[in-house]
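Each remark here refers to the structure printed beneath this line.
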Amino acid sequence: MKRADDLDVVGRTVLVRTDLNVPMDGAAITDDGRIRASLPTLRDLVSRGAKVVVCAHLGRPKGDGYAERAAGGPSLAPVAARLAELLGQPVALAADVAGESARAIAAGLTGGQVAMLENVRFEPAETSKDDEVRGELAGRLAVLAGQYVGDGFGAMHRKHASVYDTPLLLPHAAGQLVLAEVAVLRQLTTSPARPYVVVLGGAKVSDKLAVIGNLVGKADRLLIAGGMAYTFLAAQGHQIGDSMLQAEQIPQVTEALADAGKAGVEVVLPVDHVVADRFAADAGPEVTGGPDIADGKMGLDIGPATRELFAAKLADAKTVFWNGPPGVFEFPAFAAGTLAVAEAISHVTGLTVVGGGDSAAAVRHLKLPADAFTHISTGGGASLEYLEGRDLPGLAALENGR
Ligand code: ADP
Ligand code: MG
């Protein structure tokens with residue numbers, strides 16, 4: 001893979017696809033980790049006199065057409081403002097993604113200046129399954145610059161116009177974040193020291209359920225918590241009350257459990273929970289006496305017995321990959337499970353990697369020491385797909401061609 005350092009960028013316009021998909025509370029950024037992670041590449045390009053055009057997505061804009069999505073938001077304006085603060089220089093935000101405003105702003109840059117395009121997911125074509133539809137947007141993005149740098153690791157598993165199609169149209173290279181992420185993940189996939197323990201949690205249940213089958217045979221132990229655990233418990237016939245459930249995934253989960261059994265992979269599920277009667281910060285937490293959850297209650301964190309069980313299952317680990325908070329850590333009453341897992345992993349001597357936007361935010365939120373983990377990845381889905389051995393479209397595009 002060509003490195004951004006190898007590009008001759010002086011006085012040239014470089015389109016940089018970054019991952020600035022930060023967690024937001026309204027218009028407030030609750031964790032700017034991904035913006036900070038984009039700085040090394042952006043600072044390097046600025047210092048080398050490039051005209052930098054940043055392309056990124058934020059959240060999931062809704063609506064059929066561009067106008068509806070742009071009106072509904074979220075705009076990248078707060079992100080552009082934070083990036084400007086961190087870079088210590090202005091970041092002009094185009095009013096559109098790849099239209100008149102974007103072209104005018106890109107054309108008006110001088111060496112060392114930075115501009116940002118609006119949320120690329122305002123363009124429905126960005127995520128289209130139709131190659132031609134994506135290609136049209138990629139064409140409009142490509143005319144903004146003479147070179148492309150791919151540094152948005154967290155989006156690399158998406159075959160999206162700005163991630164996959166645009167680099168194919170321009171001389172391209174990988175940014176520093178992507179190179180660093182790939183170096184660590186490669187260590188995890190090439191003969192990891194054992195026991196190798198994978199901890200999965202979080203809320204993107206269907207995305208993550210799909211990867212479990214593929215992790216079987218790679219990891220020695222799979223600890224499952226967070227929102228996805230309830231589909232597993234339901235598959236085993238437990239009562240889960242009103243907890244998060246993807247009922248249509250039960251057959252797949254049952255199969256994954258059977259495969260794990262055959263492969264000798266130990267799957268560890270929660271044995272107790274912290275539950276509440278609603279999803280709210282001020283909901284009263286209650287600890288269950290076992291794995292079942294009564295009707296009218298929802299599991300929002302792992303319980304004390306599970307915290308101990310998980311810590312024991314991590315104690316002898318030599319390699320750990322963790323994606324997805326095991327509880328709703330944003331609510332202090334339901335953060336103990338995430339803290340316990342984070343602490344248990346921080347005691348592991350060996351390679352420890354945390355991946356996922358919210359997981360990384362959780363680690364920073366809990367104020368663990370910076371060196372608690374070997375690596376905090378910006379990628380959740382992207383890291384998981386890399387670990388499964390799948391080709392990431394964004395990486396493939398950077399590896400191919402010019
Ligand atoms: P990541 O971004 O690290 O990949 P996800 O996006 O999958 O993680 O999930 C993060 C979210 O999962 C957090 O906001 C957390 O509140 C939520 N979560 C964790 N446990 C539960 C649960 N039991 N029920 C509902 N949501 C949960
Ligand atoms: Mg997330």
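Ligands are counted one by one from 1 in listed order, and the atoms in each one are counted from 1 as well. Quick note: numbers below take in every heavy atom, side chains included, and nothing from hydrogens, waters or symmetry partners.
Salt-bridge check for E100 with R103: failed, with every basic side-chain N at 4.0 Å or more from each acidic carboxylate O. Checked for salt-bridge contact, K159 and E385 miss the test: no charged N lies under 4.0 Å from a carboxylate O. A salt bridge does not link D220 with K318: every distance from a Lys NZ or Arg NE/NH1/NH2 to an Asp or Glu carboxylate oxygen is 4.0 Å or more.
Applying the ring-ring contact (aromatic ring centres under 6.0 Å, His included) rule to pairs touching residues 249-276 yields Y230-H273, sequence neighbours excluded. Applying the ring-ring contact (aromatic ring centres under 6.0 Å, His included) test to residues at least two apart or on different chains, the pairs with a partner in residues 326-359 are F279-F331, F329-H365.
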Could you list each N/O atom of ligand 1 together with any protein N/O atom closer than 3.5 Å, one pair per line with the distance?
{"residue": "ligand 1", "atom": "2 (O)", "partner": "G357", "partner atom": "N", "Å": "3.4"}
{"residue": "ligand 1", "atom": "2 (O)", "partner": "D358", "partner atom": "N", "Å": "2.8"}
{"residue": "ligand 1", "atom": "2 (O)", "partner": "D358", "partner atom": "OD2", "Å": "2.9"}
{"residue": "ligand 1", "atom": "3 (O)", "partner": "D358", "partner atom": "N", "Å": "3.4"}
{"residue": "ligand 1", "atom": "3 (O)", "partner": "S359", "partner atom": "N", "Å": "2.8"}
{"residue": "ligand 1", "atom": "3 (O)", "partner": "S359", "partner atom": "OG", "Å": "2.5"}
{"residue": "ligand 1", "atom": "4 (O)", "partner": "K208", "partner atom": "NZ", "Å": "3.2"}
{"residue": "ligand 1", "atom": "4 (O)", "partner": "N323", "partner atom": "ND2", "Å": "3.1"}
{"residue": "ligand 1", "atom": "6 (O)", "partner": "D358", "partner atom": "OD2", "Å": "2.9"}
{"residue": "ligand 1", "atom": "7 (O)", "partner": "A203", "partner atom": "N", "Å": "3.1"}
{"residue": "ligand 1", "atom": "7 (O)", "partner": "K204", "partner atom": "N", "Å": "3.2"}
{"residue": "ligand 1", "atom": "7 (O)", "partner": "K208", "partner atom": "NZ", "Å": "2.8"}
{"residue": "ligand 1", "atom": "8 (O)", "partner": "K208", "partner atom": "NZ", "Å": "3.4"}
{"residue": "ligand 1", "atom": "9 (O)", "partner": "A203", "partner atom": "N", "Å": "2.9"}
{"residue": "ligand 1", "atom": "12 (O)", "partner": "A203", "partner atom": "N", "Å": "3.3"}
{"residue": "ligand 1", "atom": "14 (O)", "partner": "E330", "partner atom": "OE2", "Å": "2.4"}
{"residue": "ligand 1", "atom": "16 (O)", "partner": "E330", "partner atom": "OE1", "Å": "2.6"}
{"residue": "ligand 1", "atom": "16 (O)", "partner": "E330", "partner atom": "OE2", "Å": "3.4"}
{"residue": "ligand 1", "atom": "23 (N)", "partner": "G299", "partner atom": "O", "Å": "3.0"}

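Applying side chain to side chain contact (heavy atoms under 4.5 Å, CB included) to L314 and the options V268, L309, V320 leaves one that passes, V320.
Nearest heavy-atom pair across S383 and S377 is OG-OG, 3.1 Å.
Classified by interplanar angle (parallel below 30°, tilted 30° to 60°, perpendicular above 60°), the ring pair W322/F373 is tilted.
Residue-and-atom listing of protein N/O/S atoms under 2.8 Å from the Mg ion (ligand 2), sorted by chain and number: D358 OD2.
In this structure, K62 NZ and E68 CD are separated by 11.5 Å, a value rounded to the nearest 0.5 Å.
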